[in-house]
Number of protein chains: 2
Amino acid sequence: MIQPDTVTSVMRALADPTRRAVFERIVQSDEITVVELTRGSSVTQGAISQHLKALKQAGLVCERPEGRKVYYRAEPRGLEPLADWMSHYGAFWRDRFADLRQLLKDIDP
Amino acid sequence: MIQPDTVTSVMRALADPTRRAVFERIVQSDEITVVELTRGSSVTQGAISQHLKALKQAGLVCERPEGRKVYYRAEPRGLEPLADWMSHYGAFWRDRFADLRQLLKDIDP
DNA sequence: CAAAAACAATAGTATTCACTAATGAATTAG
DNA sequence: CTAATTCATTAGTGAATACTATTGTTTTTG
């Protein structure tokens with residue numbers, strides 16, 4: 001179940017430092033289990049599972065069950081909503097400052 | 001006063017839909033006052049001011065008082081922490097966003 | 001000077017959130 | 001089969017959050 005407002009869900013998922021650290025560790029590791037994620041983290045295994053659920057609902061992570069373990073992996077297209085949002089407003093700035101530079105150039109040759 | 005963990009503060013500031021809408025409207029407008037922001041928004045003027053305070057503390061926005069009005073405008077380097085984070089952990093879009101990150105750094109006066 | 005306008009700040013409230021502790025379900029090991 | 005391992009889920013709790021309503025401050029207007 002993917003959230004309707006994807007930008008909001010992705011940003012909210014990554015806004016929490018603990019949850020973002022979990023995501024970063026998943027990205028760095030190709031595949032990683034919950035126990036491995038719990039080790040080296042300051043929170044409980046239940047908290048890790050809750051963060052994984054949030055990341056999964058945001059489309060940032062996917063899971064691969066194997067036996068009693070569940071391997072987590074970063075979803076490549078997960079950051080795309082955030083990338084689109086940034087490229088949109090980054091482009092806004094680029095155009096604005098391009099115009100400003102041109103304006104200053106015209107005023108003070 | 002800028003927050004210590006800039007990535008967290010920027011993401012947290014933009015995670016809320018109402019506050020992000022305020023920021024987007026500031027970006028689209030070159031300069032805009034609080035009453036103008038309140039018009040067209042579903043929340044109170046006090047709520048807008050609180051969101052502006054959060055955006056300012058995150059380094060996303062700056063203010064220019066003039067008489068009894070206060071004009072708000074987007075801070076060009078505000079999105080840089082987010083761009084840096086994305087270029088690092090979004091390996092998938094690294095090439096795509098290398099240009100944007102460099103652009104945001106070049107814009108800095 | 002008095003009224004209005006623009007904005008910030010505060011107190012209060014309802015909701016959400018991140019976490020722990022405990023339990024449950026499923027799989028593997030001895 | 002029994003015990004242990006892995007993970008998800010739930011209830012409960014304290015803290016944070018987004019909002020309204022109100023008040024206060026500064027500046028403009030009539």
Side-chain angles (χ1 to χ4, degrees), chain A residues 1 3-5 7-26 29 31-75, chain B residues 1 3-26 29-58 60-74:
Chain A
M1 172 184 49
Q3 299 289 110
D5 191 336
V7 179
T8 298
S9 57
V10 169
M11 282 197 179
R12 282 193 74 272
L14 296 173
D16 181 69
T18 305
R19 188 163 45 230
R20 191 171 67 251
V22 169
F23 175 73
E24 293 172 359
R25 216 167 142 204
I26 294 177
S29 313
E31 271 191 336
I32 190 168
T33 63
V34 181
V35 271
E36 292 179 280
L37 284 171
T38 304
R39 293 197 173 280
S41 177
S42 58
V43 296
T44 311
Q45 174 264 323
I48 296 291
S49 280
Q50 290 172 2
H51 286 312
L52 290 171
K53 184 180 182 181
L55 291 170
K56 186 172 59 179
Q57 287 181 350
L60 288 165
V61 151
C62 61
E63 57 190 356
R64 182 178 67 85
E66 182 176 305
R68 62 182 166 183
K69 296 181 182 177
V70 176
Y71 290 90
Y72 279 87
R73 175 167 32 110
E75 188 72 51
Chain B
M1 170 185 51
Q3 298 290 111
D5 191 336
T6 56
V7 179
T8 298
S9 58
V10 168
M11 282 198 180
R12 280 193 22 69
L14 296 173
D16 181 69
T18 305
R19 188 162 46 230
R20 191 171 68 252
V22 169
F23 175 73
E24 293 173 358
R25 208 159 150 213
I26 294 176
S29 312
D30 188 48
E31 272 191 335
I32 191 169
T33 63
V34 181
V35 271
E36 293 179 279
L37 284 171
T38 305
R39 294 193 175 280
S41 178
S42 58
V43 296
T44 311
Q45 174 263 322
I48 296 290
S49 279
Q50 289 172 5
H51 286 311
L52 290 171
K53 184 180 180 181
L55 291 171
K56 186 172 59 179
Q57 287 180 350
L60 289 166
V61 152
C62 62
E63 57 190 356
R64 182 178 66 85
E66 182 175 304
R68 61 182 166 184
K69 297 180 181 178
V70 176
Y71 290 91
Y72 280 87
R73 66 178 185 274

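Nothing here was measured: the structure is a model prediction, and the numbers come from that model.
Smallest separation of non-hydrogen atoms from A/T8 and B/A15: CG2-O, 3.4 Å. A/V10 and A/A58 get closest at one heavy-atom pair: CG2-O, 3.7 Å. The shortest non-hydrogen separation linking A/E75 to A/C62 is OE1-CB, 3.3 Å. Scanning all heavy atoms of the two residues, the minimum distance from B/A13 to B/L55 falls at CB-CD2, 4.2 Å. Between B/R20 and B/L14 the shortest heavy-atom distance is NH1-O, 2.9 Å.
Listed in residue order, the members of residues 40-49 of chain B having a heavy atom less than 4.0 Å from DNA chain C are B/Q45, B/G46, B/S49. Listed by residue number, there are no residues of residues 18-26 of chain A with a heavy-atom contact under 4.0 Å to DNA chain D.
Projected onto DNA chain C by closest heavy-atom contact, B/K69 and B/K53 fall at different nucleotides, the more 5' of which corresponds to B/K69.
In this structure, the CG atom of A/L37 is 13 Å from the P atom of D/dT6, given to the nearest Å. Summarising the geometry, the separation between CD on A/E36 and P on D/dT6 is reported as 10 Å, rounded to the nearest angstrom. Atom CD1 in A/I32 sits roughly 14 Å away from atom C1' in D/dT6 (whole-Å rounding). When rounded to the nearest whole Å, the span between CD of A/E66 and C1' of C/dT28 equals 13 Å. Nucleotide D/dA18 holds its C1' atom 6 Å from the NE2 atom of B/H51, rounded to whole Å. For the pair B/L14 CG and D/dA18 P, the interatomic distance rounds to 12 Å; values are reported in whole Å. D/dT6 atom P lies 16 Å from atom CD of A/E31, rounded to whole Å. Protein atom CG of A/L52 is 6 Å distant from nucleotide atom P of D/dA8, rounded to whole Å.
Partners of A/E24 by side chain to side chain donor-acceptor pair (under 3.5 Å), not counting sequence neighbours, listed by chain and number: B/W85, B/Y89. Residues forming a side chain to side chain donor-acceptor pair (under 3.5 Å) with A/E63 (at least two apart in sequence, or on another chain): A/K56, A/Y72.
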Show me the donor-acceptor pairs within less than 3.5 Å that the side chains of residues 44-53 of chain B make with the rest of the protein, sequence neighbours left out.
residue : atom : partner : partner atom : Å
B/Q45   : NE2  : B/S49   : OG           : 3.2
B/H51   : ND1  : B/R19   : NH1          : 3.3

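Below the 3.5 angstrom threshold, one finds a donor paired with an acceptor across the side chain of B/Q50 and the base of D/dT20.
An OP1 or OP2 oxygen of C/dC7 is reached within less than 4.0 angstrom by no side-chain nitrogen or oxygen of B/Y71. Contact annotation: A/Y72 side-chain N/O to D/dA8 OP1/OP2 distance is under 4.0 Å.
Expressed to the nearest 0.5 Å, how far OG1 of A/T33 lies from CD of A/E66 amounts to 11.0 Å. For the atom pair CD (A/E36) and OG (A/S41), the distance works out to 13.5 Å, reported to the nearest 0.5 Å.
Side chain of B/R64 to backbone of B/R73: no donor-acceptor contact under 3.5 angstrom is found.
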For nucleotides 2-5 of chain D, list the nitrogen or oxygen atoms of the protein found under 3.5 Å from its nitrogen or oxygen atoms, one pair per line.
residue : atom : partner : partner atom : Å
D/dT5   : O4'  : A/R68   : NH1          : 3.1
D/dT5   : O2   : A/R68   : NH1          : 3.2

